[in-house]
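Working notes for the structure below.
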There are 2 protein chains.
Amino acid sequence: MARTQGSHAGITGPRLREAALRLFARHGYAAVSMRQIAAEIGVQAGALYLYTPDKQALLFALMRDHLEDLLADWQPPEAAADAQLESFVRHHIRYHLDRPDLVFIAYMELRNLEPANFAVISRLRRDYEARLEAILSRGADAGLFDVADTRLATMALIAMLTGITTWYREGGRLDRATIEARYWDMARRAVAAPVPQPKSAPVAKVGHASGGDI
Amino acid sequence: MARTQGSHAGITGPRLREAALRLFARHGYAAVSMRQIAAEIGVQAGALYLYTPDKQALLFALMRDHLEDLLADWQPPEAAADAQLESFVRHHIRYHLDRPDLVFIAYMELRNLEPANFAVISRLRRDYEARLEAILSRGADAGLFDVADTRLATMALIAMLTGITTWYREGGRLDRATIEARYWDMARRAVAAPVPQPKSAPVAKVGHASGGDI
DNA sequence: GGTTGAATTGAACGCCCGTTCAGATAATCT
DNA sequence: AGATTATCTGAACGGGCGTTCAATTCAACC
């Protein structure tokens, strides 16, 4: 046999990436073979090499594209730092909950990257972290935030937010909007400056609505 | 050749576990071969099977022992919930910073566990999480904490705290005591109830107030 | 409708995998 | 010292790995 009916690069190419993404996320890069990926999309292993130079490039492309998309998809609004922080936090949660497999891979497969690829991915991650740190820094200067160390606060918030993907399941107890609201509430409080007391102080509030299901 | 000079189960056994831990943490379970582990401790691969029934048992034992030790090493003090939370947070940070490889494995290699082993490890993790959740629940009832959802707050705090191990390096910019203090500060503020104001009514607010820093 | 090029197969390459085991040697016991 | 037991080697097992490539078939174009 050789070329099969309906074969088309525009189809097999994307399917390869999808299959690799799903299998890498589920079993880990090292535990997934090219033959398994090929079987998933209904071709022989040799055919994969029309679409990727090797297995490593497959992983690297997934991670790099994910991070570049993440960076391209959000820009800080022109607003006070607290509004920027809210925008960042809500976007981070939404973006990550929409792409659980990519997030998983981007955090778990770092050690399977060859050094040159690792350097690229690390750089992109630092760029992303730098955005949050810039907001915290600006807000601290403005007296909106009370953070003893912006780098620490950055890492703490990102870890907290990204952690959602480790337990969130579609159709679970809480819907996304609720999760987003409650995490934003915790994130805000973790870094917010104490309100100036007695008078004025605009009283915003956060929905504590105990009510909920369970 | 056969038995070698100085060979002794009391030596090779522990060395096997140490080597497996280090290599699994560094390269991942699936990417490490029994032959690599054997080479690390200076024996042939066959000799490893005097100390473990198979590779999977090696991973499982590391994870199980780690979690059992974690659970055994801390009991909530008899105190108010806020003091219990501080004790938990500080212990969590210290314990995890002391065992970076074990922590890494326990979070990253879950998917490489066979189903029966996975069930055991999941159970232990849930037990640990339940301890924090109990504190938050108790503190919320006492009015010390303001958490909309104790489960969410539990997962948020654990993710935030455990995340330290992803960037902490011995001899880095901040020492452990500083990190511990600052993370405890952020964790506390994320869940603390607003201080009861001069007068009545606890005012929950969001700091938009431009006002001064602290 | 014939030609050209894209897409794929299937076999092969050399290598490494987890695990087993008979045989050999060192440590220990009597 | 001799017998016994613990420890390890080295080879082997069947199998899977990533990757390459000539041969083959299908799709697209003239």
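Here is the naming used below: chain letters follow the sequence lines, and residue numbers restart at 1 for every chain.
In this structure, the CD1 atom of Ile41(B) is 13 Å from the P atom of dT7(D), given to the nearest Å. If you measure from atom CG of Leu50(A) to atom P of dG5(C), you get 16 Å, rounded to the nearest angstrom. Atom P of nucleotide dT20(D) and atom CG of Leu48(A) are separated by 12 Å, given to the nearest angstrom. Going from atom CE of Met34(B) over to atom P of dC8(D) covers 14 Å, rounded to whole Å. To the nearest angstrom, P of dT25(D) lies 15 Å from CD of Gln44(A). One atom, CG of Leu58(A), and another, P of dG18(D), lie 11 Å apart when rounded to the nearest Å. With rounding to whole Å, Ile37(B) atom CD1 is found 14 Å from dC16(C) atom C1'. One interatomic measurement links the two molecules: OH of Tyr29(B) to C1' of dC17(C), which rounds to 12 Å at whole-angstrom precision.
With distances taken from any side-chain atom of Asp54(A) to the nucleotides dC8(D), dG18(C), dT19(D), the minimum falls on dT19(D). Side chain of Arg3(A), nearest nucleotide from dA26(C), dT8(C), dT25(D): dT25(D). Between dT8(C), dA26(C), dC17(D), one nucleotide has an atom nearer to the side chain of Gln36(A) than all others, and that is dC17(D).
DNA chain C is contacted by both Arg35(A) and Tyr51(A); Tyr51(A) maps to the nucleotide lying nearer its 5′ end (nearest heavy atom per residue).
The side chain of Thr12(A) contributes no N or O atom lying less than 4.0 Å from OP1 or OP2 of dA7(C). At dT8(C), none of the side-chain N or O atoms of Tyr49(A) fall inside 4.0 Å of OP1 or OP2 (strictly under the cut-off). Not one side-chain nitrogen or oxygen of Thr4(B) sits closer than 4.0 Å to the OP1 or OP2 atom of dT9(D). Listed pair Ser33(A) / dC17(D) meets the phosphate criterion, a side-chain N or O lying under 4.0 Å from OP1 or OP2.
A salt bridge does not link Lys55(A) with Glu109(A): none of the charged nitrogens is closer than 4.0 Å to a carboxylate oxygen. Salt-bridge check for Glu40(A) with Arg15(A): failed, with every basic side-chain N at 4.0 Å or more from each acidic carboxylate O. Between Asp127(B) and Arg123(B) a salt bridge is recorded (basic side-chain N to carboxylate O distance below 4.0 Å). A salt bridge does not link Arg188(B) with Glu86(B): none of the charged nitrogens is closer than 4.0 Å to a carboxylate oxygen. A salt bridge links Asp98(A) with Arg176(A): at least one charged nitrogen is closer than 4.0 Å to a carboxylate oxygen.
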